[in-house]
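Reminder, nothing fancy here: chain letters follow the sequence lines and each chain counts from 1.
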Amino acid sequence: MPELPEVETVRRGVEPHVLGRRIRRAVVREPRLRWPVPEDFARFVEGRRITGTDRRGKYLLLALDTTGDRLIVHLGMSGRLLVLTAPEPLRKHDHLDLELEGGVLLRYHDPRRFGAVLPWPAAQGLHPLMATMGPEPFSADFHGDYLFERSRGKTTAVKSFLMDGSVVVGAGNIYAAESLFRAGIRPTRPAGKLSRGDCARLAEQVRAVLTAAVAQGGTTLRDFAGADGASGYFQQALYVYGREGQPCRVCATPIKLLRLGNRQSCYCPRCQR
DNA sequence: CTGTTAACCTGAGTGC
DNA sequence: TGCACTCAGGTTAACA
């Protein structure tokens, strides 16, 4: 998936096409996503107007009417949300369609089915999926001191810590690796041993990396495409992710690869200590 | 409680 | 061509 910048890119791509349009019909072809699309999904959305788009972490939110009811879309690892303005033949894994007024079709496509499309009635209050989420990286709540306090006593590797959604949302494998490089911190360092200064640099770099990636439309990767099918340009700005064995862009030392929590982690052994 | 691992799925790529 | 194998952007349930 899409990490935060990719989701934000999709949101920006989708918004102008859906804003103010009514959902005429919903077609669920495959309800077995990460969490099943409920039976009453079509009834929940049909006839309602999309009045806003939002994002919380990696969850894309579509506001329905002015009731506070929303639609949650999560892209998992391989999900896409396509805006179609002309008929397109159905492809494998086109699991769900929202047919909007004006001949616009929102199509959810997800080969691995790790994503989700869920109704979120206002009456439900805070959605369970978002209840334990940490702060948005761009919010005032996310800063060095916050990271410092949260990491005290933690023995887990700082990269795993950073990818924990209850600490901060939006940093997945790519951007965690990139933030750590820019902050000069080795991914294996125990989170609890970071200094206040480490945490300040890390928080700053998380924000900087995500900001830059959003500005570039995300990173081009196998399964990611923006809502219009285009892909992002952040790939060329990566320092470590996917660059195992290649020279560090700062010091030319070969980038190393290790496995952390079943996930590939690239780092520069010289720039990151 | 904390921290790590396996599992959910399919497709792409690699090596034989 | 085909088969066996590994790996992939996320999240969480189950374990130690």
Side-chain angles (χ1 to χ4, degrees), chain A residues 1-11 29-37 55-60 72-81 91-96 108-118 127-134 137 150-180 187-193 206 209-210 213-214 216-227 231-235 237-238 240-245 257-266:
Chain A
M1 138 165 124
E3 301 183 32
L4 186 151
E6 288 73 28
V7 177
E8 180 59 23
T9 299
V10 169
R11 190 193 69 76
R29 291 183 204 87
E30 174 56 86
R32 295 174 303 165
L33 305 183
R34 179 73 172 78
W35 297 280
V37 180
R55 180 191 54 72
R56 178 77 175 95
K58 298 165 189 172
Y59 293 92
L60 182 64
I72 299 175
V73 179
H74 194 284
L75 302 177
M77 299 253 268
S78 55
R80 296 184 189 194
L81 192 60
R91 290 172 309 161
K92 205 175 173 183
H93 311 303
D94 285 342
H95 303 315
L96 189 147
Y108 181 80
H109 173 95
D110 184 6
R112 292 175 74 182
R113 292 193 273 120
F114 282 4
V117 180
L118 294 168
H127 196 281
L129 286 172
M130 277 163 263
T132 57
M133 272 189 170
R150 280 299 299 265
S151 59
R152 291 312 86 186
K154 304 264 183 203
T155 58
T156 194
V158 59
K159 177 148 177 282
S160 306
F161 173 73
L162 203 54
M163 289 174 66
D164 180 345
S166 71
V167 173
V168 60
V169 296
N173 203 30
I174 298 177
Y175 299 114
E178 294 299 311
S179 307
L180 286 165
T188 45
R189 287 262 298 277
K193 298 222 167 141
V206 165
V209 165
L210 293 177
V214 168
Q216 301 274 300
T219 304
T220 305
L221 285 165
R222 238 195 336 274
D223 291 330
F224 170 70
S231 39
Y233 294 97
F234 195 68
Q235 178 86 61
L238 298 177
V240 288
Y241 180 83
R243 297 198 64 246
E244 172 199 4
L257 172 71
L258 57 81
R259 269 196 109 65
L260 251 182
N262 244 340
R263 204 123 243 186
Q264 287 212 354
S265 296
C266 289

Does a side-chain N or O from [X] land closer than 4.0 Å to OP1 or OP2 of [N], or not?
X       : N       : result
R34(A)  : dA7(B)  : no
R259(A) : dA8(C)  : yes
R263(A) : dC7(C)  : no
T156(A) : dT4(B)  : yes
Q264(A) : dA8(C)  : yes
K58(A)  : dT11(C) : yes
H93(A)  : dG11(B) : yes
H74(A)  : dT11(C) : yes

Donor-acceptor pairs under 3.5 angstrom involving side-chain atoms of residues 157-168 of chain A: please list them, not counting sequence neighbours.
residue: K159(A); atom: NZ; partner: N173(A); partner atom: OD1; Å: 2.5
residue: K159(A); atom: NZ; partner: Q264(A); partner atom: O; Å: 3.4
residue: K159(A); atom: NZ; partner: S265(A); partner atom: OG; Å: 2.7
residue: D164(A); atom: OD1; partner: S166(A); partner atom: N; Å: 2.9
residue: D164(A); atom: OD1; partner: S166(A); partner atom: OG; Å: 2.9
residue: D164(A); atom: OD2; partner: S166(A); partner atom: OG; Å: 3.4

* **Residue list, side chain to side chain donor-acceptor pair (under 3.5 Å) with Y108(A), at least two apart or on another chain** =>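 Side chain to side chain donor-acceptor pair (under 3.5 Å) list for Y108(A), sorted by chain: D110(A).
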* To do: Starting at the 5' end of DNA chain B, write a dot or bracket for each base, bracketing those in Watson-Crick or G-U wobble pairs whose two distances are under 3.5 Å and using | for partners on another strand.
  => .|||||||.|||||||
* Asked: Y59(A) has an atom OH; how far is it from atom P of dG10(C), in whole Å?
  ->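 For the pair Y59(A) OH and dG10(C) P, the rounded distance is 12 Å.
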* Taking all non-hydrogen atoms of both residues into account, name the closest pair between M77(A) and R263(A) and its distance. =>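 What the structure gives for the nearest pair is CE-NH2, 3.9 Å.
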* **Taking every non-hydrogen atom, the tightest pair across G242(A) and C266(A)** =>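 For G242(A) versus C266(A), the nearest heavy atoms are N-SG, 3.9 Å.
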* P atoms of dC9(B) and dC3(C), separation to the nearest Å ->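 The answer is 24 Å between these two P atoms.
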* Asked: Using the P atom in both, what is the distance from dT11(C) to dA12(B), to the nearest Å?
  ->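 Going atom to atom, P in each nucleotide, I get 23 Å.
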* Which is true for G165(A) with a 4.0 Å heavy-atom rule: it touches a base, it touches only sugar-phosphate, or it touches nothing? ->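 Nothing: the residue G165(A), judged by heavy atoms under 4.0 Å, touches no strand.
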* Residues in side-chain contact (heavy atoms from CB on, under 4.5 Å) with P31(A), at least two apart? ->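 With neighbours one apart ignored, the set is V28(A), V37(A).
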* Asked: Who are the side-chain contact (heavy atoms from CB on, under 4.5 Å) partners of A171(A), not counting sequence neighbours?
  ->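 Testing A171(A) for side-chain contact (heavy atoms from CB on, under 4.5 Å), a comparison that skips the adjacent residues, returns none.
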* **For R11(A), salt bridge (charged side-chain N to carboxylate O under 4.0 Å, His left out) partners two or more places apart** =>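 For R11(A), the residues satisfying salt bridge (charged side-chain N to carboxylate O under 4.0 Å, His left out) (neighbours in sequence not counted) are E8(A), E15(A).
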* Closest-nucleotide ordering on DNA chain B, the 5'-leading residue of T155(A) and N262(A) ->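 Residue closer to the 5' terminus by nearest nucleotide: T155(A).
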* **N/O donor-acceptor pair, side chain R112(A) with base dG9(C), under 3.5 angstrom** =>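 Result: no qualifying N/O pair found.
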